[in-house]
Number of protein chains: 2
Amino acid sequence: MNKDFALTLKKAKLKVTPARQAILETFSSDCKPINAEYIHQKLKDKGFNLVTIYRTLTSLETSGLLKRVDLRKGSTYYELTDHHHHHVICTGCGKTESFEMCDVDKISKGVLRKSPLFETIGQHSLELFGTCKSCSKG
Amino acid sequence: MNKDFALTLKKAKLKVTPARQAILETFSSDCKPINAEYIHQKLKDKGFNLVTIYRTLTSLETSGLLKRVDLRKGSTYYELTDHHHHHVICTGCGKTESFEMCDVDKISKGVLRKSPLFETIGQHSLELFGTCKSCSKG
DNA sequence: TTTTTTGCAAAAGGTTTGCAACACG
DNA sequence: CGTGTTGCAAACCTTTTGCAAAAAA
């Protein structure tokens, strides 16, 4: 992602605030799905309230800058939408690995063509769950 | 799913109890993802405690009879694992439709072959998010 | 009888809301 | 200046836990 977070926010028609810039920067430097609490810890010296982080995550998601990732953990994880990829998650220890190969757009088109109810399909989630090498030894 | 829920439970090496049978029956009759609260409402005349429902969902999932479905709603939804399918979810009204076409096993094999960290991949989630025809009019 | 399951009450964890002060544009 | 954003405290909702009674095998 472009490092000019103020510009990114302007393009998304959001006001430029310190909290939003700091949160975008966190996503940009940590290339992995993260949750509100993690951001709060990482930015705690800057003093942003956890509530602000929740609200920011919501508005960044609504604007399309972030997307949710379902890791089957207790809380909601998000990632930048800037490059399309998916995850393999270890059901033992929670470790994740990402991959890019994805034929889901083809699947989506096929589903949409046959669907009696749906008009458009915009997003998808695809996560694989398995066991990592170190957990399969234990 | 076989209507002999006692047998299903025995095969899964779980004790046969009224709560487990009733919950399996609910899943069997409602062919859609449901959550703990929904089951509680549906079985409220039988008086099962909500805590029991949560614990039962956990044990049925652990035994492989149920799987989680991520609908991006506030609570955890489950479905029978008896036949493989996925969902399209309307981001406007939450309506879901299911589809069976799924090439994810191929994707999984490819990912596993290239993965430095993972030993096995057992499950996957794949959900499509879009807008249904009635929501796209409004 | 032994072990697992259930109910109840209470706690925990994540997330949302109301409201007043503040900051962006 | 007006509207959107933030912080604080409190509420909310879903899910989990401890313990004793009840039920399954």
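Chain A is the first sequence line, chain B the second, and so forth, proteins listed ahead of strands; every chain is numbered from 1.
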Measure CZ/A:R20 against P/C:dC24 and give the value in whole Å, please. 11 Å
Side-chain donor-acceptor contacts of residues 12-25 of chain A below 3.5 Å, not counting sequence neighbours, with atom names and distances?
unit_1: A:T17; atom_1: OG1; unit_2: A:R20; atom_2: N; d: 3.3
unit_1: A:R20; atom_1: NH1; unit_2: A:K15; atom_2: O; d: 3.0
unit_1: A:Q21; atom_1: NE2; unit_2: A:T17; atom_2: O; d: 3.4

Please report the distance, rounded to the nearest Å, between NE2 in A:H40 and C1' in D:dG7. 11 Å
Distance, rounded to the nearest Å, where A:I34 contributes CD1 and C:dG14 contributes C1': 16 Å
By side chain to side chain donor-acceptor pair (under 3.5 Å) - contacts of A:Q123 (at least two apart): B:R72
When you check the side-chain N and O atoms of B:E97 and A:S115, is any donor under 3.5 Å from an acceptor? yes
Please list, by residue number, the residues of residues 25-33 of chain A whose heavy atoms come closer than 4.0 Å to an atom of DNA chain D; answer none if no residue qualifies. none
Atom-pair distance (NZ on A:K13; C1' on D:dG4), nearest Å: 16 Å
Would you mind reading off the distance between A:K11 atom NZ and C:dG25 atom P, rounded to a whole angstrom? 16 Å
Run the side-chain donor-acceptor check on residues 107-114 of chain A: report pairs under 3.5 Å with partners two or more places apart or on a different chain.
unit_1: A:S108; atom_1: OG; unit_2: A:V104; atom_2: O; d: 3.2

Along nucleotides 15-25 of chain D, 5' to 3', which nucleotides get a B, which get an S, and which get a -, given that the test is a protein heavy-atom distance under 4.0 Å? BBBB-----BS
Taking side-chain hydrogen bond (donor to acceptor under 3.5 Å, both in side chains) as the cut-off, I'd like each qualifying pair that reaches into residues 47-60 of chain B, sequence neighbours left out, listed once. none
The helix from C:dT1-D:dA25 to C:dG25-D:dC1: angle between end helix axes, five pairs per end, rounded to 10 degrees: 50°
Sorted by chain and residue number, the side chain to side chain contact (heavy atoms under 4.5 Å, CB included) partners of B:K44 (sequence neighbours excluded) come out as B:Q41
If you link I, L, V, M, F, W and Y whenever their side-chain heavy atoms are under 4.5 Å apart, who else ends up in the same group as B:V51? none
Could you give the CD-to-P distance, from A:E61 to C:dT16, as a whole number of Å? 10 Å
Among all residues two or more places apart in sequence or in another chain, which pass the side chain to side chain donor-acceptor pair (under 3.5 Å) test with A:H40? none
Length of the CG-P vector between A:N49 and D:dA9, whole Å: 9 Å
N/O donor-acceptor pairs under 3.5 Å from side chains in residues 4-11 of chain B, not counting sequence neighbours:
unit_1: B:D4; atom_1: OD1; unit_2: B:A6; atom_2: N; d: 3.4
unit_1: B:D4; atom_1: OD1; unit_2: B:L7; atom_2: N; d: 3.0
unit_1: B:T8; atom_1: OG1; unit_2: B:D4; atom_2: O; d: 3.2

Nearest-Å distance, CD (B:Q21) to C1' (C:dT5)? 14 Å
Between A:H86 and A:H124, what is the ring plane arrangement, given parallel below 30°, perpendicular above 60°, and tilted in between? parallel
Using the ring pair (Phe, Tyr, Trp, His ring centres under 6.0 Å) criterion, which residues pair with A:H85? Sequence neighbours excluded. A:H83, A:H87
